[in-house]
Amino acid sequence: MRAVDLIRKKRDGGVLTPEEIRFLTLGYTAGDIPDYQIAAWLMAVLWRGMGRGELAALVEAMRESPRRLDLSDLPARKVDKHSTGGVGDKTSLIIAPIAAAAGVIVPMVSGRALGHTGGTLDKLESIPGFNTRLTLDEFHEVLGQIGCALIGQTAEIAPADRKLYALRDATATVESPPLICASIMSKKLSESIDALVLDVKTGSGAFMKTEKDSCHLAELMVETGRAVGKQVVALVTGMDEPLGRAVGNSLEVIESVEVLRGGGPADLRDLCLELSAWMIYLGQRAASVEEGRRKAAEMIESGRALRKFHEIVRRQGGDDRALDDFSLLPHTEHRRDVISSASGRVAEIDGEKIGLASVLLGAGREKKEDTVDPAVGIIVHKKLGDAVLAGEPLVTLHYNAAPRADAAAALVLESYRIAASSPEKAPLVRQVIGP
Ligand code: URA
């Protein structure tokens, strides 16, 4: 088999066999097929799509790893959550401790910043010392001790996604339902979980901009999970503006702690309660989603979720004093307000442009090899529907390099539309698919 023939076949609308998909995926993971050929194949997939059989073969090939994680010795149900990617989406940092505090075991394999969206691993690594690179044995041990651990793809777990994810990020091949589905489900199905809660984003800050496309992605993922006997629910949720107010790694850690302390922005808090309610329900720690909501709220009010987050940070090598004293988190040298020139109401925010502005500041990656600046980011002051006066700040940029801040400020201004009135806000949870 030759990679070039398979690229051509996909380019021309053909259907690859499971053996051909396996050849490309495993050949790339092993280093036998170069980046440029896989990049071309990914672009062909983005344009041509994949049939159900091709997708199943891709997920299967991407799950292949030298070892399979077995968590069957742990006494409680194992439930994870994954988001398809958003701007200011720090829910994992909040709901993993909530669900674990409620008695669910949460083995979480997360991703890094991708395109204009942030990544859980980059956020966690902004906490001094936090180690997301546990070995599988360490992962298992931490889960047994405290019920939750958060790591990235490793050579031992979902190794194909580690390479493909970075390549897709650098080649504009992220926005493909089968590629997103395979990326997420290969990680999640390698975790030895019983159930999975998916947060499928929809809107200007998501990879899928329309509810129809987001529901299609949600259905693909629910079907993929069910086919291997997992209970999967997908919540299709709005991403028409950044979630909460903070965008950028350490800024998002601060906002997460605020929610765990019982405060924080209402949209973020509500979504976290909803997602944790489903985790607690599927983890069989509540008899209904309604009871799951009450339990999730109780975990915050009692301080148990915040204490669990401290425990996770300490156990993964982080300095948990930074959760009490935010001055111990990385911070930037400069801040600058981006000012509105018009008065009215915020009628539209292009979430993707806000995400790209934070990438420009250094919060994400433009090339695969880039490192992120953990301190930079954006605090959003004006959200959809808010009244604005000319001269008021729309956002504050936290930055280290002035030329980057100029470019980010221009993008932020482009992303806002101020008008005499604003459309009614759509509900945050648009649809529930599954379980
Ligand atoms: N999150 C992932 O893990 N993979 C994607 O492709 C998109 C979001």
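Residue numbers start at 1 and run along the sequence shown. Note that ligands are numbered from 1 as they come in the structure, with each ligand's atoms numbered from 1 the same way.
- For Glu291, there are no salt bridge (Lys or Arg N to Asp or Glu O under 4.0 Å) partners at least two apart in sequence or on another chain.
- Checking side-chain atoms of Arg245 against main-chain N and O of Val380 turns up a donor-acceptor pair under 3.5 Å.
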With salt bridge (charged side-chain N to carboxylate O under 4.0 Å, His left out) as the criterion, how do Arg293 and Glu290 come out once you've worked through the C-alpha distance, each side chain's angles and the decisive distance to 0.1 Å? CA-CA 5 Å; Arg293 284 187 196 105; Glu290 190 48 45; 2.6 Å; yes
Using distance only, find each side-chain donor-acceptor pair of residues 142-152 under 3.5 Å and give its atom names and separation, not counting sequence neighbours.
unit_1 : atom_1 : unit_2 : atom_2 : d
Gln145 : OE1    : Arg315 : NE     : 2.5
Gln145 : OE1    : Arg315 : NH2    : 2.9

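- Counted within 6.0 Å of CZ on Arg8, heavy atoms from surrounding residues, nucleotides or ligands total more than 12; the atom is thus considered enclosed.
- Within 4.0 Å of ligand 1, protein heavy atoms come from His82, Ser83, Thr84, Leu114, Tyr165, Arg168, Ile180, Ser183, Ile184, Lys187.
- Checked against ring pair (Phe, Tyr, Trp, His ring centres under 6.0 Å), Phe207 has the following partners two or more places apart in sequence or in another chain: His116.
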